[in-house]
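Atoms within a ligand are numbered from 1 in the order they appear, just like the ligands themselves.
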Amino acid sequence: MNRFTRYDVTPETIFNQRRKIIKAVGLGAAALGLPNIGLTAEKSDQRKALNFKDAPKSDLLLTPENKVTGYNNFYEFGVDKASPAKFAKDFKTDPWSLEIAGEVENPFVLNHTQLFNTFPLEERIYRFRCVEAWSMVIPWIGFELARLVEMAKPTGKAKFVIFHTLHDPEQMPGQKNKFFGGGIDYPYVEALTLEEAMNPLTLLSVGLYGKMLPPQNGAPIRLVVPWKYGFKSIKSIVKITFSETRPRTTWEKLAPHEYGFYANVNPNVDHPRWSQASERVIGSGGLLAVKRQDTLMFNGYEKEVAHLYKGLDLKVNF
Ligand SMILES: Nc1nc2c(c(=O)[nH]1)N[C@H]1C(S)=C(S)[C@@H](COP(=O)(O)O)O[C@H]1N2
Ligand SMILES: [Mo]
């Protein structure tokens, strides 16, 4: 396997061409005195292309883009995997406002443009493992959450970083109708320990496959924590608060015996109703081409994150 394995699914020429376009437009941004990161217009697509630093070479085979944007969990737009793409189509993500508050010395707010231009954007090709035992490989674009945390300057009291999804029942049918929204008590809330938030793998993502996030993937900004089950990667974030105390997060509240706070991918700790030892790989094949693979400890990121949980019983703290 080599660098070009990834183009088995995004044909090499198309992916490279698109990158050339992105880079060319990037020069225009520099001429305007803007940093050479962030938003640029790509005429052929409604979503804007982004400038970013390429990911290092990866042996991971990318999940086809149409699966990444067509097979989603975003219960605010319905519980069915096809619903978010359908019902979030007209979701308004610009203007947007992301507020940073709580136990910090420097609270601030980022508007839509600032989400893309405040921190240097880079591409990260990550494994993504849903608690329902399916997985993808996604070329995210974003910045390290650590950069934002540094800017906020947490006080000595801050121990947890809490993320809040937009609450807007007029736009989100799942928030208007409890049944449609899977019985979740909205707004969706997630949290990380400050240490987890500072880990270099933890991203705030604003794009995938070279472009801004589509609404169904959590536009304009969502969390990506690749060693944890997908439900930790909260979408369409409007607020990040720093706190001394651990909040009760959305899935923990809904079913505490099934979904823990840590939610680290762990093939040795089963969900009460199914095994977590293996996963269905969402790929380019048809419905009958079901590929399964073994699930890796911490989703394959053990080297980078195992130290965060030293001395913690992962069977109890699942
Ligand atoms: N606000 C919000 N964030 C969410 C969810 C959700 O329902 N609402 N679903 C989570 C789950 S269970 C998964 S697996 C991932 C799916 O992300 P994707 O659709 O981009 O693959 O989003 C997570 N973030
Ligand atoms: Mo999930």
For [X], which part has a heavy atom under 4.0 Å from ligand 1: side chain, backbone, both, or neither?
X: Tyr188; answer: side chain
X: Glu132; answer: neither
X: Glu76; answer: side chain
X: Asn72; answer: both

Would Lys232 count as a cation-pi partner of Phe163, with NZ or CZ less than 6.0 Å from the six-membered ring centre and within 45° of the ring normal? no
Axial cation check for Tyr229 ring with Arg129, 6.0 Å and 45° limits: no
[X] near ligand 1 by a heavy-atom separation under 4.0 Å:
X: Ser233; value: yes
X: Glu190; value: no
X: Phe128; value: yes

Taking side chain to side chain contact (heavy atoms under 4.5 Å, CB included) as the criterion, tell me which of Phe91, Tyr186, Tyr75 meets it with Met172. Phe91
So if I count the atoms of ligand 1 from 1 in the order they appear, which ones are less than 4.0 Å from some heavy atom of [X]?
X: Thr165; result: 1 (N)
X: Phe74; result: 1 (N), 2 (C), 6 (C), 7 (O), 8 (N)
X: Cys130; result: 14 (S)
X: Asn73; result: 5 (C), 9 (N), 11 (C), 12 (S), 13 (C), 14 (S), 16 (C), 19 (O), 22 (O)
X: Ile234; result: 3 (N), 24 (N)

Closest to atom 15 (C) of ligand 1 among protein heavy atoms sits Gly230 O, 3.5 Å
Among all protein heavy atoms, pick the one closest to atom 7 (O) of ligand 1 and tell me residue, atom and distance. Tyr75 N, 2.8 Å
Going by heavy-atom distance to atom 19 (O) of ligand 1, choose the closest among Lys235, Lys81, Gln216. Lys235
For this output row, return yes or no: ring centroids of [X] and [Y] closer than 6.0 angstrom.
X: Trp227; Y: Tyr301; answer: no
X: Tyr262; Y: Phe318; answer: no
X: Phe87; Y: Phe77; answer: no

Considering all heavy atoms, the nearest Val68-Asn217 contact: O-ND2, 2.9 Å
Polar proximity ligand 1 side, Trp134 side, N/O cut 3.5 Å exclusive: no
Find out whether Val290 and Val281 are in side-chain contact, i.e. whether some heavy atom of one side chain is under 4.5 Å from a heavy atom of the other. no
Would you mind checking if Glu103 and Lys153 are paired as a salt bridge, meaning a charged N to carboxylate O distance below 4.0 Å? no
So that I can tick it off, tell me whether Glu279 and Arg292 are bridged by a salt bridge, with the cut-off set at under 4.0 angstrom between side-chain N and carboxylate O. no
